[in-house]
Amino acid sequence: MANQSPRVRFAPSPTGFLHVGGARTALFNWLYARRYGGVFILRIEDTDNDRSSSDMVKGILEGLQWLGLDWDEGPNVDGPHGPYFQSQRLTKYRLAIEKLVSTGLAYYCYCLPDELKRKREAAQAAGGSWRYDRTCLALTPEAIAAHETKKTPRVVRFKVPRGRTSFKDVVRGTIDIDNQTLEDFVLTRSDGSPTYHLSVVVDDIDMAITDVVRGDDHTSNTPKQVLLYKALDADLPRFAHVPLIFGSDKKRLSKRHGATSVSDYQFRGYLPDAMVNFLSLLGWSSGDDQEVFTRDALVQAFSLEGINSGKAIFDHDKLAWLNGQHIRLMSAEAIINHIESFLRKAGVWHDSYATAGNKRAWLGCVVDLLKARVRYLEDFVEYGQPFFVNTVTYDPEAVTKRLLVPGLREYVVALKNAYTQLDQFDSDSLERTLRAVAEAQNIKAGILMHATRIAVSGRMVGPGLFEMIELIGRERTCERLDELRKFLAD
RNA sequence: GGCCCCGUCGUCCAGCGGUUAGGACACAGCCCUUUCAAGGCUGAGACCGGAGUUCGAUUCUCCGCGGGGCUACCA
């Protein structure tokens with residue numbers, strides 16, 4: 001399909017964090033570049049200089065890094081088309097403007113903002129719409145000279161030609177509009193800084209971008225940019241506008257919907273691969289019914305043609321499910337690397353876990369045992385309590401529901417004695433022994449299992465009882481059985 | 001208001017003139033089972049409405065309705 005190696009870009013404004021919508025746009029660009037052996041460029045659009053500190057950029061970079069979306073050119077990665085901050089590319093915009101003004105494709109406008117606002121509001125009050133009336137296009141050379149000597153603030157406006165403008169969009173098809181619906185938009189502000197339309201087009205041309213993949217909120221503005229490409233005598237890139245992401249109330253995703261920054265998901269215990277998988281499914285499909293994708297599978301399956309045109313709603317349930325799927329796909333070793341920070345925070349990390357050896361292997365076994373019932377990384381902390389803490393506390397509900405059995409104390413003592421003498425402390429032996437004890441005591445095995453579960457974990461639910469006991473070990477298990485014995489004595 | 005885009009189960013997607021409208025999440029039931037999960041099976045659940053075009057429309061066209069975007073010296 002692509003007859004040249006694609007060059008795509010993600011061009012966020014530095015807002016301090018990476019929004020999930022932006023993350024998905026970045027992901028689509030990244031996938032496309034990786035799929036076709038292209039180049040993924042990160043460009044920071046910080047022309048709105050008011051607040052564009054390096055701190056603001058940091059959040060974006062960290063978000064992309066966490067997701068594993070590495071860029072080939074951009075901040076911290078030199079390339080042939082730098083710099084990659086728009087605030088450092090001002091000369092390029094000025095050159096473009098000079099060209100446009102000198103060829104008559106753009107012109108200076110000395111109208112004051114207040115004046116424009118008044119006209120606009122007046123027109124709207126009268127029930128109509130208003131477009132810039134080209135007052136300054138009609139200025140005489142003398143009037144212009146007068147403004148210049150007075151140093152009237154001036155902006156540069158693009159002179160929108162008559163006619164129609166159309167472009168092909170990979171996801172929307174051909175879009176065609178009448179230029180009369182456009183006004184002579186501003187290219188350069190009165191302080192000399194470029195507006196979005198100018199900087200984005202100049203940069204995309206300069207960086208030889210072949211495919212512009214961005215949010216649907218830019219579709220309506222694309223005709224203006226198409227006009228600029230033509231005015232600058234450049235070939236059009238291919239456009240692909242991806243549908244926006246909405247919250248569960250069908251409103252555009254915002255802070256009100258809870259976590260909207262990818263870092264929120266990082267701290268909540270989501271896996272980057274699960275997030276990437278989930279985001280990829282929002283507005284894109286491989287064409288078949290596959291839902292769970294590894295990163296590599298995604299790269300292989302991705303195409304811009306697979307992007308669909310309807311809106312997408314962010315479904316936390318499905319994300320959580322996918323997270324569980326990806327956790328189950330991972331090796332215990334890989335999971336340990338991801339949960340270390342959570343275990344540390346909970347105070348249950350042990351230095352011996354850090355290096356290869358018995359303890360780390362043991363932790364791996366715990367992880368494998370818990371894996372199937374986990375949705376979030378931090379669940380390992382919660383579900384792993386019985387393995388990590390020294391003393392267990394009994395869930396009150398478990399006590400009333402499972403421990404009010406006459407004679408239970410005797411059974412527990414019998415089990416503890418049997419376990420103390422066991423040759424092999426493995427799950428099979430443990431189960432056989434427990435069942436034998438139950439039979440000898442003439443009770444159902446379930447009664448003793450429930451009690452034992454509470455003794456070792458404090459809870460009614462959890463992993464397979466005997467696998468759990470095996471990992472907790474004879475010493476701690478017998479201690480806990482003894483604790484239960486004392487508890488039952490009261 | 002004007003311009004543009006979108007409209008299949010509650011949600012995410014498949015469908016690209018003829019299908020019992022398919023899959024996934026969530027939901028319900030069953031199986032498995034010491035519990036909870038995981039896993040398996042089953043069930044319920046959708047083509048926004050109206051005109052056309054056609055032998056035949058979820059699919060193509062138009063109108064309406066609904067939703068969204070843009071309409072700034074924000075991006």
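What you are looking at is a predicted structure, and each value in this text was computed from that prediction instead of being measured.
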query = What nucleic acid atoms does A:Pro463 come within less than 4.0 Å of, heavy atoms only: base, sugar-phosphate, or nothing?
reply = base

request  = Could you tell me whether A:Gln86 contacts a base, only the sugar-phosphate backbone, or nothing, with contacts defined as non-hydrogen atoms closer than 4.0 Å?
outcome  = nothing

query = NA contact type, A:Asn221, heavy-atom cut-off 4.0 Å: base, sugar-phosphate, or nothing?
reply = base

key: Sugar-phosphate, base or nothing in reach of A:Leu244, heavy atoms under 4.0 Å   = sugar-phosphate

request  = Pick the C1' atom in B:A75 and in B:C70, then give their distance to the nearest Å.
outcome  = 12 Å

request  = Looking at every strand, decide which applies to A:Phe246 at a 4.0 Å heavy-atom threshold: base, sugar-phosphate, or nothing.
outcome  = sugar-phosphate

note = Which of A:Trp321, A:Tyr270, A:Tyr265 passes ring pair (Phe, Tyr, Trp, His ring centres under 6.0 Å) with A:Tyr376? It is A:Tyr270

query = With sugar-phosphate meaning primed atoms plus P, OP1 and OP2, does A:Gly283 contact a base, only sugar-phosphate, or nothing at under 4.0 Å between heavy atoms?
reply = sugar-phosphate

Touch class at under 4.0 angstrom, heavy-atom based, for A:Glu183 against every strand present = sugar-phosphate

ask   = Contact class for A:Arg453 (heavy atom, under 4.0 Å): base, sugar-phosphate, or nothing?
value = base

message = Between A:Asn29 and A:Val213 (side chain of the first, backbone of the second, donor and acceptor by atom type, cut-off under 3.5 Å), is there such a pair?
response = yes

task = Report which part of the nucleic acid A:Ile313 touches: base, sugar-phosphate, or nothing (heavy-atom distance under 4.0 Å, all strands).
result = sugar-phosphate

task = Would you state whether a donor and an acceptor, one from the side chain of A:Gln290 and one from the base of B:G23, lie under 3.5 Å apart?
result = no

query = Of the candidate nucleotides B:A24, B:A75, B:C73, which contains the atom at the shortest distance from the side chain of A:Ser13?
reply = B:A75

